[in-house]
Structure formats: structure tokens, C-alpha cells
Number of protein chains: 2
Amino acid sequence: MPGGHQWRHRFRENACRWTMPREVILDVLSRASRHMSAKEIYASLYAACPGTGLTTVYRTLELLQRLGFVRKFDAGDGQSRYELRGEGTQDHHHHLICTRCGKIIDFRDFIEEELELVKKTEDALAKKHNFQILDHNIEFLGLCDKCR
Amino acid sequence: MPGGHQWRHRFRENACRWTMPREVILDVLSRASRHMSAKEIYASLYAACPGTGLTTVYRTLELLQRLGFVRKFDAGDGQSRYELRGEGTQDHHHHLICTRCGKIIDFRDFIEEELELVKKTEDALAKKHNFQILDHNIEFLGLCDKCR
DNA sequence: TTGTTATTGATAATCATTTTCATTTATAAT
DNA sequence: ATTATAAATGAAAATGATTATCAATAACAA
Ligand SMILES: [Mn+2]
Ligand SMILES: [Mn+2]
Ligand SMILES: [Zn+2]
Ligand SMILES: [Zn+2]
């Protein structure tokens, strides 16, 4: 349990101030269900920090993304979703998305094989297209048990 | 070259009428550069079918997607992009996206290994979560040669 | 404690996409 | 070929997520 202090330190390192809205947003992200939209985060903010604006939520999420603490992704409905990036490789995962109801499931199956193939592909692509590859996403789309 | 007639037939099969806007939009999609946004398609429509509304472009794209003729995807900027789905497996590919300038590159490297891993993962996920998996996306994010 | 400057919140602005609804048109039936 | 019907279209307005503005506030270094 890294506690909340680590965040403060990591903010300082990046010349960012440690404020109440940021602390609360990080808290929401770390405890609540994953894959939250900005509006959902905004909604669950009221108890701990009423008066926080939706604008601040968006700005904080963008900052967290820029610092690499948060991953932003698109699940097909019109809004972006956000999740904390855990440390090392044990948090590495991808998404299984129901295209009808929007349900999102994390999966970590075959991560070994996946990383191996991803590495090979990254190397090939970086060389062939002179790209600096920084990240990747893998997602499976389909119908969940309730929607099929 | 399947020509334009096949489309007409495939529309009929699905109880959809064959109209000028639909023909022209399919033509644009098949000849022009891939990964076009609705607005881009709308813009390149004027010559062949002036007066076509942007609304019709959106409606047609949604139909094409529903019929499985078109793949809709998100490249990180605020708008959806569309590309024709080719027939068999020789068209199967994924995307390498520059997060700064938005450049998109198709790649088909290691499709063999990819399909193998994807199959394994699909089976495992379908069983474990009782999902009916219909599609998948793999994307690499990074900086292109000009942006790095 | 004070000064500087990042951060915030209310509000308005953007911008992609969707809805509405009256008009047109593809197509099947006559 | 004409006609009837429902699907398709287009103009305009509505929606909804995200971003820009700007004056007020608060973090934090000195
Ligand atoms: Mn996740
Ligand atoms: Mn492509
Ligand atoms: Zn579902
Ligand atoms: Zn680039």
C-alpha cells in the first residue's frame, strides 16, 4: 500500500502542486471501480470535495495522463475512460468490451506470449517505419453473457 | 476488381436501398486514402454528388458498419475514422498511430503469430467470461519519424 | 507573512455526432 | 408505365463531451 504520500512526492518531482481536488480525484481513481468517465469521477467527488468543477476533473485527468499515472482509452461510447496505471508488469492488462452494453472486463491472460509478440512487432515496426513506439493497446469486442 | 455491382447486391440482400449517396460514399472509401473521418468523406463527395448532407454521410457510415462492410475506429483525436473491410485474411491489419500528429500506418507484420495468440486468447476469454467475441483491435502508439 | 504563479470554478465556446421532420425517391405492386 | 409505400435524404436544431476564457483563489518558496 503506497499510501497517499507517494503521490504528493511524485507531483513535487514534476513541479506540480498538491491540491485537494487532485488528491481526491486520485483517491476516487484508486478505490472506485476502474474505467471511469470524467462525469462519473465528477459525480463521486461530491462527498469528499464538494464544489469541485467538472473542468478541474478534465484538467487533472489530462495532467495525470501526461505524467503517466493514468491511462485514457475509448470504449466505443462517446466518452473517454480513465484508469490508474499500476506499477510493474503485474498490472499490465487489456480490455474485453461488450459493444452492446459497454461492459468492460480486464484481462491478463497470456501476458507472457503477448509481450513476446508485442516486442517482436514493436522492433519490426520501429525499424520499418522509424517510429518510436511508446505504448500499445489490445482489445477484444463482442457480446457479454447478458447481451448475446 | 469486384466492381460496384456487388455492393448493390449486398445491399439488396439486407433490404437496403441502393442510392446515389451510398454508391458515392462507397466509391470514396474504396479509392481514396484509408482512415477517413466523416468530414473528410463529406468533403470529397462534392464532385460526384453535390448536395449530399453530412448527416447522410454519418447515417451511411453507421449502416456500412452495421452490415460489416466498414470498420470504425478511434485514433485519439476527437473524431471517428472509417475504413473498408477487405475480404479474407489478406486485408487483416492493425494500426500504428503517432500520438502527436495523428499519422496512421497500417501494418500486417506477424499476422500468423498474431492470429494464433488472438485465437488462444479469444478461446480463453470466451470461456472464462462467457463472452461471444466478434472482433479485436491491436494498436501501437508512439511518435513518427517527423515527430520524435 | 508575503509574493509569485499555478490552479481552480463558473461560464461560454467548440466541435463531433444525433434528432427531428418535412420532402424526395427507390422499389415493389398494379 | 403508373402508383403506392416505406425507406432515405437534407436542412436545421439539439445534444453532449470536451476545451477555452478569465477573474478569483490557494500552494508554496522565500
Ligand atoms: Mn482496465
Ligand atoms: Mn487501417
Ligand atoms: Zn453487454
Ligand atoms: Zn507524427
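All values reported here derive from a predicted model rather than from experimental measurement. First the proteins, then the strands, lettered A, B, ... as listed; each starts at 1.
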Going by an N to O cut-off under 4.0 Å, is there a salt bridge joining B:R22 and B:D27?
no
Those residues that, when tested against B:Y42, pass ring-ring contact (aromatic ring centres under 6.0 Å, His included) (two or more places apart):
none
Separation of D:dA29 P from A:F11 CZ (nearest whole Å):
15 Å
At under 4.0 Å, does any side-chain N or O of A:Y58 touch on OP1 or OP2 of D:dT19?
no
Take atom CD of A:E62 and atom C1' of C:dA6, then tell me their distance rounded to the nearest Å.
15 Å
Rounding to a whole Å, what distance do you find between B:Q79:CD and C:dT17:C1'?
11 Å
Select base, sugar-phosphate, or nothing to describe what A:S80 touches, counting heavy atoms under 4.0 Å on all strands.
sugar-phosphate
What is the distance, to the nearest angstrom, from the CG atom on A:L61 to the P atom on C:dT8?
12 Å
Within a radius of less than 6.0 Å around CD of A:Q132, do more than 12 heavy atoms belonging to other residues, nucleotides or ligands occur?
yes
Would A:D109 and B:K128 count as a side-chain contact (heavy atoms from CB on, under 4.5 Å) if you check the C-alpha gap in whole Å, the side-chain angles of each, and the deciding distance to 0.1 Å?
CA-CA 10 Å; A:D109 304 77; B:K128 189 195 285 190; 2.9 Å; yes
With B for base contact, S for sugar-phosphate-only contact and - for none (protein heavy atoms under 4.0 Å), nucleotides 3-10 of chain D reads ---BBSBB
What integer distance in Å separates A:R12:CZ from C:dA6:P?
16 Å
Under the side-chain contact (heavy atoms from CB on, under 4.5 Å) criterion, do B:S80 and B:F73 qualify, and how do the steps go?
CA-CA 6 Å; B:S80 296; B:F73 67 97; over 6 Å; no
Would you work out how much the helix from C:dT1-D:dA30 to C:dT30-D:dA1 bends between its ends, with each end axis defined by five base pairs, to 10 degrees?
40°
For residues B:F11 and B:R17, report the shortest heavy-atom separation together with the two atoms involved.
CD2-O, 3.7 Å
Take the protein atom CH2 of B:W18 and the nucleotide atom P of C:dA28, then report the distance between them rounded to whole Å.
15 Å
To the nearest Å, give me how far apart CD (A:Q65) and P (D:dT18) are.
12 Å
Separation of C:dT27 atom C1' from B:H9 atom NE2, nearest Å, is 16 Å
Between the NZ atom in B:K39 and the OH atom in B:Y58, the distance rounded to the nearest 0.5 Å is 8.0 Å
Does atom CD of B:Q90 have more than 12 heavy-atom neighbours from other groups under 6.0 Å away?
yes
With a 4.5 Å limit on heavy-atom distance, are the side chains of B:N137 and A:F140 in contact?
no
